[in-house]
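Here it is, the structure in full.
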Amino acid sequence: MSRVDLTESAAVLLRKLSAQHGPLMFHQSGGCCDGSAPMCYPAGEFRTGSSDVRLGELLVDGIPEPIEVWMSAAQFEYWRHTHLTIDVVPGRGSGFSLEAPEGVRFLIRSRLLTEDELTALG
């Protein structure tokens, strides 16, 4: 059981970004100038710490390293009962996220976790 997944469209883009930038990571921003969006960075470029929660990792065919997904702890309090799917849609992405020059942006699609899924996550 995982809290996070991705669509095939997002996987295609991640393969391209990984080929250009090497290992990747996501951090689900908590607002401010970029709204609440999954931000893609080269792995380790965004520093995580005690104020962040590791949601899991994405295993993408064609990318040797898992892609870790993080969220601020404060935002996780609101989203702890949800399963998140990273997708990609046409539009202007954040200037800080790697997909910005591609004319697309990552976004989160969410659904509530079932009682069985919450139990499995512990």
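Note that the numbering runs from 1 along the sequence shown for the chain. All values reported here derive from a predicted model rather than from experimental measurement.
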Within one Ile-Leu-Val-Met-Phe-Trp-Tyr cluster: V104 and I67, side-chain cutoff 4.5 Å
yes
Look only at the side chain of S97 and the backbone of C40, and say whether a donor-acceptor pair between them is shorter than 3.5 Å.
yes
Atom CZ of residue position R109 - does it have more than 12 heavy atoms of other residues, nucleotides or ligands inside 6.0 Å?
no
In terms of side-chain geometry, is the basic nitrogen of R105 or E102 positioned less than 4.0 Å from the acidic oxygen of its partner?
no
Heavy atoms of S18 and I63 approach each other most closely as OG-CG2, 3.7 Å
CG of D87 to CG of L107, rounded to nearest 0.5 Å, is 5.5 Å
Below 4.5 Å, heavy atoms only, C-beta onward: do F46 and M39 meet side chain to side chain?
no
Given 3.5 Å as the limit, does a donor-acceptor pair link the side chain of E99 with the main chain of F106, or not?
yes
Distance, nearest 0.5 Å, that separates OG1 of T82 from CZ of R3
7.5 Å
Let me confirm one number: the CE-CD distance from M71 to E77, rounded to the nearest 0.5 Å.
11.0 Å
Closest heavy-atom contact between P42 and M25?
O-CG, 3.9 Å
Pairing of R80 and E117 as salt bridge, 4.0 angstrom limit:
no
Would you mind reporting whether H81 and L118 have side-chain heavy atoms less than 4.5 Å apart?
yes
OG (S2) and CG (L59) are apart, to the nearest 0.5 Å, by 9.0 Å
Please find the pair of heavy atoms, one from M1 and one from A120, that lie closest to each other, and give the distance.
CB-CB, 4.0 Å
Common cluster, V4/Y78, ILVMFWY with side-chain heavy-atom separation under 4.5 Å:
yes
Please name the pair of heavy atoms, one in Y41 and one in L98, separated by the smallest distance, quoted to 0.1 Å.
C-CD1, 3.7 Å
Does T7 form a side chain to side chain contact (heavy atoms under 4.5 Å, CB included) with I86? I'd like the steps, not just the answer.
CA-CA 6 Å; T7 64; I86 298 174; over 6 Å; no
Verify whether one side chain among H83 and D5 offers a donor that lies under 3.5 Å from an acceptor in the other.
no
Take a 6.0 Å sphere around CD of E115 and say whether it holds more than 12 heavy atoms from other residues, nucleotides or ligands.
no
Candidate list I108, L55, L84, L14, test side-chain contact (heavy atoms from CB on, under 4.5 Å), partner F26, passing option
L14
Rounded to the nearest 0.5 Å, how far apart are NE2 of H21 and NZ of K16?
9.5 Å
If Ile, Leu, Val, Met, Phe, Trp and Tyr residues are connected whenever their side-chain heavy atoms lie under 4.5 Å apart, and connections chain through other members, are F76 and L58 in the same group?
yes
Taking the side chain from R15 and the backbone from D61, do they hold a donor-acceptor pair closer than 3.5 Å?
yes
What distance separates Q28 CD from W70 CH2, expressed to the nearest 0.5 Å?
14.5 Å
